[in-house]
2 protein chains.
Amino acid sequence: MTAMLVPVFAALGDETRWSILAALGEGDASASALADRLPVSRQAIAKHLGVLQQVGLVESVRVGRELRFRAVGAELSVTARKLDAIGAEWDRRLSAIKAIAESLPRLEVE
Amino acid sequence: MTAMLVPVFAALGDETRWSILAALGEGDASASALADRLPVSRQAIAKHLGVLQQVGLVESVRVGRELRFRAVGAELSVTARKLDAIGAEWDRRLSAIKAIAESLPRLEVE
DNA sequence: TCTCTGTGCAATCACATGGTTGCACAAAGA
DNA sequence: TCTTTGTGCAACCATGTGATTGCACAGAGA
């Protein structure tokens, strides 16, 4: 269930990819356009875009001879919802354990 | 703002760490106990727990001579909320651009 | 005390990955 | 047509990292 989630997190676990996503958040752009704004080569950016596209965080559209990329927020929302559910489950179990522990007769520890 | 987020995603971008988190989700455990259940060495698990602890996804408590770890769901919830906000923002801008585009007189393309 | 168990630290290794440069090629514009 | 610009592909390199083994040490129990 969470299997498909891990690559998304791996993709999000890189600073450069976040700067790419941030740049795309202000409007679609091609790899070359991004390379003008960011301190990395176009090829490096193309690789990152490949990673992001593979996990659905960006989409690409051909415009003439250039490939424009767009950040896909929906994927983030889906991921966020799953994350929240998992976190809530852990805390639920934790508080359940706490409640049980507190209902027990106190054990004396010397 | 998102700067502290990236290490969390990097920590979540590994299958083994997810199995550790999943195991901890069913109850606190030490590195050695986890090594009995998972197909990796104790030292490898200890490293992973170090990574997870550094980003606040697990906490440790000394019980006698053993170190017990617990999954912290709250950190996931915080992360999930930030993710959702970012995703919503991207989609908001995207739909805003769409709305503008659709309100414009249609351009003829030959 | 002797033994077993759980940690901690270090060295090592293989592989993934972020980054670069170089070259080739196709399409838009002068 | 010639030049420019944007891609695509490949080789290469350095570093990070997931994982291992080995050893040392401290605490709990027989």
Side-chain angles (χ1 to χ4, degrees), chain A residues 2-24 27-55 57-70 107-110, chain B residues 2-24 27-55 57-70 107-110:
Chain A
T2 60
M4 295 301 293
L5 266 187
V6 180
V8 178
F9 290 125
L12 291 175
D14 182 89
E15 300 273 3
T16 304
R17 280 195 281 268
W18 273 99
S19 25
I20 290 176
L21 288 174
L24 288 181
D28 303 359
S30 66
S32 298
L34 290 169
D36 288 337
R37 269 190 278 174
L38 301 175
V40 279
S41 68
R42 171 186 65 86
Q43 288 81 351
I45 290 187
K47 278 192 192 177
H48 285 304
L49 286 171
V51 173
L52 292 171
Q53 187 167 27
Q54 207 153 15
V55 298
L57 285 170
V58 301
E59 288 174 350
S60 65
V61 184
R62 274 238 168 261
V63 179
R65 65 171 165 170
E66 80 175 6
L67 247 192
R68 302 198 137 265
F69 289 87
R70 165 175 59 225
L107 296 178
E108 291 300 326
V109 185
E110 51 165 338
Chain B
T2 60
M4 295 301 293
L5 266 187
V6 180
V8 178
F9 290 126
L12 291 175
D14 181 90
E15 300 273 3
T16 304
R17 280 195 281 270
W18 272 100
S19 26
I20 291 176
L21 288 174
L24 288 181
D28 303 0
S30 66
S32 298
L34 289 169
D36 287 338
R37 269 190 278 174
L38 301 175
V40 279
S41 67
R42 172 186 63 86
Q43 287 80 351
I45 291 187
K47 276 193 192 174
H48 285 304
L49 286 170
V51 173
L52 292 171
Q53 187 166 28
Q54 208 153 14
V55 298
L57 286 170
V58 302
E59 289 174 349
S60 65
V61 184
R62 275 239 167 259
V63 179
R65 65 172 164 171
E66 78 174 9
L67 248 192
R68 302 198 137 266
F69 289 87
R70 164 174 60 224
L107 295 179
E108 291 301 327
V109 183
E110 52 166 338

So CG of L34(A) and CG of L21(A): to nearest 0.5 Å the spacing works out to 10.0 Å
To the nearest angstrom, the CG-C1' distance between L67(A) and dC25(C) comes to 15 Å
Rounded to whole Å, CG of D36(A) lies from P of dT7(D) at a distance of 10 Å
Residue pairs passing the salt bridge (charged side-chain N to carboxylate O under 4.0 Å, His left out) test with at least one member in residues 30-44 of chain A, sequence neighbours excluded, are none
Rounded to the nearest 0.5 angstrom, the CG-CD distance for L5(B) and E15(A) is 10.0 Å
When rounded to whole Å, the CZ to P distance for the pair R62(B) and dT7(C) reads 8 Å
Here the salt bridge (charged side-chain N to carboxylate O under 4.0 Å, His left out) pairs for residues 58-68 of chain A, sequence neighbours left out, are E59(A)-R70(A), E66(A)-R68(A)
Residues V6(B) and G13(A): closest non-hydrogen pair is CG1-C, 3.7 Å
Nucleotide by nucleotide, nucleotides 17-23 of chain C touches protein heavy atoms under 4.0 Å in the pattern (B base, S sugar-phosphate only, - none) -SBBBB-
Rounded to whole Å, the CD-P distance (Q53(B) to dT7(C)) equals 13 Å
Check the phosphate of dT5(C) against S32(B), side-chain N and O only, distance under 4.0 Å to OP1 or OP2. Yes or no? no
With sequence neighbours left out, the residues meeting side chain to side chain contact (heavy atoms under 4.5 Å, CB included) with A10(B) are none
Set out, in order, the CA-CA distance, both residues' side-chain angles and the distance that settles side-chain contact (heavy atoms from CB on, under 4.5 Å) for I20(A) and V51(A), then state yes or no.
CA-CA 12 Å; I20(A) 290 176; V51(A) 173; over 6 Å; no
In whole angstroms, the gap separating C1' of dT7(C) from CG of L49(B) amounts to 12 Å
Could you write out each protein N or O paired with an N or O of nucleotides 26-30 of chain D at a distance under 3.5 Å?
{"unit_1": "dG27(D)", "atom_1": "N2", "unit_2": "R65(B)", "atom_2": "NH1", "d": "2.7"}
{"unit_1": "dG27(D)", "atom_1": "N3", "unit_2": "R65(B)", "atom_2": "NH1", "d": "3.0"}

With side chains defined as the heavy atoms from C-beta onward, is the minimum distance between L57(A) and L12(A) less than 4.5 Å? yes
Sequence neighbours excluded, the answer for side-chain hydrogen bond (donor to acceptor under 3.5 Å, both in side chains) partners of S60(A) is Q53(A)
From CZ of R37(B) across to C1' of dG6(C) the rounded distance in Å is 16 Å
Rounded to whole Å, CD1 of I45(B) lies from P of dT20(D) at a distance of 9 Å
